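Each chain gets a letter, A, B and so on, in the order its sequence line appears, and its residues count up from 1. On a predicted model such as this, the values are computed, not experimentally measured, just so you know.
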Number of protein chains: 2
Amino acid sequence: MPGIKDVAARAGVSVATVSRALNRHPSVSEEARARVLAAVEELGYRPNAVARSLRTDQTRTLGLVISDVMNPYFTELARAVEEEARALGYSVIIGNADERPELQDHHIRNLVDRRIDGLLVSPTDGGTPLLLDTARAGTPVVFVDRWIPGADDVDVPVVRSDGRGAVRDLVAHLHRLGHRRLAIIAGPAATTTGSERVEAFREALAAHGLELPDAYIGQGDFQAGSGRRATERFLDLPEPPEAVFAADNLMALGALDAVRARGLRVPDDIALAAFDDIPWFVHTGPPVTAIAQPTGELGRAAVRALVDRIEGRTARSVTLPARLVVRRSCGEDGETHPQKRSDP
Amino acid sequence: MPGIKDVAARAGVSVATVSRALNRHPSVSEEARARVLAAVEELGYRPNAVARSLRTDQTRTLGLVISDVMNPYFTELARAVEEEARALGYSVIIGNADERPELQDHHIRNLVDRRIDGLLVSPTDGGTPLLLDTARAGTPVVFVDRWIPGADDVDVPVVRSDGRGAVRDLVAHLHRLGHRRLAIIAGPAATTTGSERVEAFREALAAHGLELPDAYIGQGDFQAGSGRRATERFLDLPEPPEAVFAADNLMALGALDAVRARGLRVPDDIALAAFDDIPWFVHTGPPVTAIAQPTGELGRAAVRALVDRIEGRTARSVTLPARLVVRRSCGEDGETHPQKRSDP
DNA sequence: ATCCCTCTTGTAATCGTTTCCACAAGGAGG
DNA sequence: CCTCCTTGTGGAAACGATTACAAGAGGGAT
C-alpha cells in the first residue's frame, strides 16, 4: 500500500507539500496541488488514518455503548447515531453491553484504548466506576436514554426522552376503558429508565385515585424472559391485574407470550401496553399500544451534543417528549384497522 | 493521559523494558516486571492502540459491512460476529450500507483507511468495483450471506446458508395444504440471495408439476415497502395467488400489511411464508411460517474464516443448511398454539 | 585469567503522518 | 540597491508504541 512518500516522489515534491495539498492548506501552488492529486490518483493512495490519528491526537471516531443491540429501540438509536455522526465527519464504533456491566466496562476500556474522540453511553445496571472515571479523566461523554445519577460533579450531558406525559395519557386511556387494577413490569431499579417509569406510572395512577400495590410491580431486566415470568406471577395472583404496562418492548413481548400460553387473550382477558414503540407492534396479534420515543431525534441530538463537547463548544442536556400511540391491545377505543394515513 | 515514558520513569526502567513487560516477552526479570506493573497500576496507564497499530501494522479490528442494520436478521448476525471476534481478540466496526452501493463504498473506504485487519461483507445490489479491488489489493475479505459472482480470481471465502432444501420443504408444505397458485416476492436480482431464492422456489414448484408465471414474481428490494407493493399487485390480479413467499422478513411484513389493509386475512384468504426467521414472527398475527438460517453460526463461521485468512492460515467457504419452521400463516397443519417446548 | 554463554537491559530506528521552522524567490516600497 | 513582506517549499521533529542491535553482568568451563 503506497504511502505519502511514494506520492511525494511521484509528484516530484516533498512529503510536506503532499500533506498540505491533501489537507487543503492554503499555501500550496496550484501547480503542485495538481501534480500531487494526479500522483494520488495514479497510485491509488489513501492516507493512513492510524498514522494521522497518532500525529493529530484525534481519531474522528465516536464510541457508542448500548445495552442491547437486539432490542429494536437500540438498533434504531444506533442507526440514527451513525447517520448524524457521518454527516458531521465522524465514524462510530458500537459496543454491545448486553445488559452486563462487565461487558460494558470491556467496551469502554477498548474504546478509550483506541482513543475515540468521545463516548456515547446508555449505561447498564450496576455500579461501574470506570465510566465516570473515564469522563472525569477528560474523555467527552454523553449519556443517551439512560444515565447515571452520580454524574453531577463531571460535565456529562444527558439526552433522553420524558415519558411522564405519555404515561399519564396511557393511564387515562386505560381508565377510560374501565381498567382499574393496573400493573407494571419494571426495568432494573438501578437504571434510570427502570425506576423513572415506575414513578411516572404511580403518579399517573394517583391522579385517578388508584394505588400501585407491590404485588402489581413486577421486577424485570428489559429482556423478554423476565416479562414472561412477571406476567405469569401476575396471572397467578388471587386478583390478577386487568392491565399490564411493560417498561420496554422486549418485556411486553414476554408478557404477550405468557398470556397466550395460558390460552388467554389480549385485550379481552387482560390489557397490555409497552414503553418504546417499534415497527413490529403494528403487526403483533393484537397490535400493541405503546409509548413512542422520538428515537431518531434522540440519537441525532446526542451526537450533536457530543461533537459540541469534543470541538470545544458547550453542550446542554436535552429532554424530548414521548407520546402515546394507541392501538388495540388495551381494548376497543383505538384504531380497529390499520389506517391508510398511518402508512410510512 | 500517561504514556509509556511516564511508566518507564516511574518504574525506573527504560521504555523497552516496559513494553516487554506488558507484552509478556520472556526476557524480563521478575523484579522489573513487578515494578512496571505497579507503575502501570499507579498511573492508570493504558497503552495507546493507535501508536501500537502504526508500529505493528495491525489493528486487531475487523470491519463488518451489512446491508441493513434495522433488519433483525442482520442485527443477529452482527451480534454473533462481534461475540466471536471478541473471543478471538478482535474488535468490530460495523458499517451500515442501507442497501445503497455508494454508502457501502463509503464504509469500505473508511474501513481500509483505518487499516482494519480484515473485512466481512454482505454486499448490496449493484456493481461496485471497489470491494473486489480491495480484496485484490490484499485486504483479507470474507463474504457472508450474500456474495459477488466475480470473485473467482481472488480468494474470498463465502459463508452462507443454503435454503434449497428448506424451500423444497416449504413448497411441499404449501402443496399439502392445497395451495397451487404460489407466488414469490424476490429480492434485487443483482444480489445472490435475491436470485437464488427465486431459482430454488421455481425448482421446488417444478417438482410438484407447478409453474411460476412471471406475474407471480414480485420485484422487491428487501424493504417492507416493496413487499407491500408487490402483494398489492398480486391481489389485483384476475387470479391472485393462494400463497405468497417473501424472500426476506421485512418484505413479509409489508405483505402482511397489504393483505390486512384489504380487510383480508392470513391464512384464510391467502397464505404467507418468509425467508429468514426472526423472534417476532412468533408474535405476529398470525405467527408466520419461515425458513430459519443458522444466523449465529453463520456469523461465527465467517469470523473464524476471516481470522484464519488474516493470521495466514487458509480459509474455506462454508455453507450451512437452513430449515423450515412451520407456524400458522399457511394454514392449519402447524402448531395452533405456542408450545411449551419451543420456549427459549 | 580468558572465553563464551545466557539473561537482562538500554539506545535508537521505525511506522506514516502533520506541522514548526528556515529559507529561497520574487515583488513592492523606500 | 537594500530591506521587508508574501508565497511556496523542503528538512526534520514530533506523536507513542515495538523491536533490532549492542552491550553489561554474571557464571561456568577451559
Side-chain angles (χ1 to χ4, degrees), chain A residues 1-37 39-40 43-61 89 109-110 112-117 137-139, chain B residues 1-37 39-40 43-61 89 110-117 137-139:
Chain A
M1 204 166 268
I4 201 174
K5 279 208 266 263
D6 306 296
V7 178
R10 178 116 187 178
V13 296
S14 73
V15 292
T17 302
V18 174
S19 175
R20 280 188 285 250
L22 261 27
N23 295 299
R24 35 192 102 264
H25 188 287
S27 98
V28 42
S29 71
E30 208 41 65
E31 201 240 337
R33 185 191 315 278
R35 286 230 303 284
V36 167
L37 261 29
V40 164
L43 296 173
Y45 167 76
R46 296 256 77 209
N48 184 328
V50 176
R52 188 208 298 270
S53 292
L54 177 60
R55 182 58 231 249
T56 62
D57 198 38
Q58 54 160 332
T59 50
R60 296 207 72 87
T61 302
R109 199 136 35 211
N110 180 32
V112 308
D113 283 1
R114 297 183 121 81
R115 300 303 192 264
I116 43 124
D117 294 338
T139 306
Chain B
M1 205 166 264
I4 199 173
K5 277 207 268 260
D6 305 297
V7 177
R10 177 120 190 174
V13 296
S14 74
V15 293
T17 303
V18 174
S19 175
R20 280 188 284 250
L22 261 27
N23 295 299
R24 37 194 101 261
H25 189 286
S27 94
V28 42
S29 70
E30 207 42 65
E31 201 241 336
R33 186 191 313 278
R35 285 230 303 285
V36 167
L37 261 30
V40 163
L43 296 173
Y45 167 76
R46 298 255 75 211
N48 183 328
V50 175
R52 187 208 300 270
S53 291
L54 177 60
R55 180 59 230 252
T56 61
D57 200 36
Q58 53 160 333
T59 51
R60 295 204 76 83
T61 302
N110 180 34
L111 290 166
V112 310
D113 283 1
R114 297 183 120 81
R115 299 303 192 265
I116 43 123
D117 293 338
T139 306

Check your understanding: Over how many whole Å does the gap from R24(A) atom CZ to dT18(C) atom P extend?
Key ->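 Taking CZ of R24(A) and P of dT18(C), I get 12 Å after rounding.
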Distances for protein N/O vs nucleotides 7-9 of chain D N/O pairs under 3.5 angstrom?
unit_1, atom_1, unit_2, atom_2, d
dT9(D), OP1, S29(A), OG, 3.0
dT9(D), OP2, S29(A), N, 2.8
dT9(D), OP2, S29(A), OG, 3.2

Point to revise | Angle by which the axis turns from one end of the helix from dA1(C)-dT30(D) to dG30(C)-dC1(D) to the other, five pairs per end, to 10 degrees | key: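 Axis-to-axis angle, ends of the helix: 70°.
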Study note, to complete from the structure: Applied to residues 2-23 of chain A, the salt bridge (Lys or Arg N to Asp or Glu O under 4.0 Å) test, sequence neighbours excluded, yields R10(A)-E42(A)
Check your understanding: With sequence neighbours left out, which residue pairs that include part of residues 21-31 of chain B fulfil the salt bridge (Lys or Arg N to Asp or Glu O under 4.0 Å) condition?
Key -> E30(B)-R33(B), E31(B)-R35(B)
Identify all pairs in which a protein N or O lies below 3.5 Å from an N or O of nucleotides 14-16 of chain C, and state each distance.
unit_1, atom_1, unit_2, atom_2, d
dT14(C), O2, R55(B), NH1, 2.9

For [X], give me all partners under side chain to side chain contact (heavy atoms under 4.5 Å, CB included), at least two apart in sequence or on another chain.
X      : value
D57(A) : none
V40(A) : V7(A), L22(A), V36(A), Y45(A)
L54(B) : V50(A), A51(A), L54(A)

Review point. With sugar-phosphate meaning primed atoms plus P, OP1 and OP2, does D57(A) contact a base, only sugar-phosphate, or nothing at under 4.0 Å between heavy atoms?
Key: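 Result for D57(A) = nothing.
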At a cut-off of 3.5 Å, list every protein nitrogen or oxygen paired with a nitrogen or oxygen from nucleotides 22-26 of chain D, distance to 0.1 Å.
none

Exercise for review: Identify, with sequence neighbours excluded, every residue that meets side chain to side chain donor-acceptor pair (under 3.5 Å) alongside S19(B).
Suggested key: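 Testing S19(B) for side chain to side chain donor-acceptor pair (under 3.5 Å), a comparison that skips the adjacent residues, returns N23(B).
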Exercise for review: Report the residues that fulfil side chain to side chain donor-acceptor pair (under 3.5 Å) with T17(B), sequence neighbours left out, ordered by chain and then residue number.
Suggested key: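 Listed in chain order: S14(B).
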As an exercise, state the distance from [atom1] of [X] to [atom2] of [Y], rounded to the nearest 0.5 Å.
X       : Y      : atom1 : atom2 : value
D117(A) : T59(A) : CG    : OG1   : 3.5 Å
I4(A)   : L43(A) : CD1   : CG    : 12.0 Å
T139(B) : M1(A)  : OG1   : CE    : 5.0 Å

Point to revise | Close side-chain approach of R115(A) to S53(A), heavy-atom, < 4.5 Å | key: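 Heavy-atom side-chain distance check fails, nothing below 4.5 Å.
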Check your understanding: Which residues satisfy the salt bridge (Lys or Arg N to Asp or Glu O under 4.0 Å) test with R46(B), sequence neighbours excluded?
Key ->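 If we apply the salt bridge (Lys or Arg N to Asp or Glu O under 4.0 Å) test to R46(B), skipping adjacent residues, the hits are D113(A).
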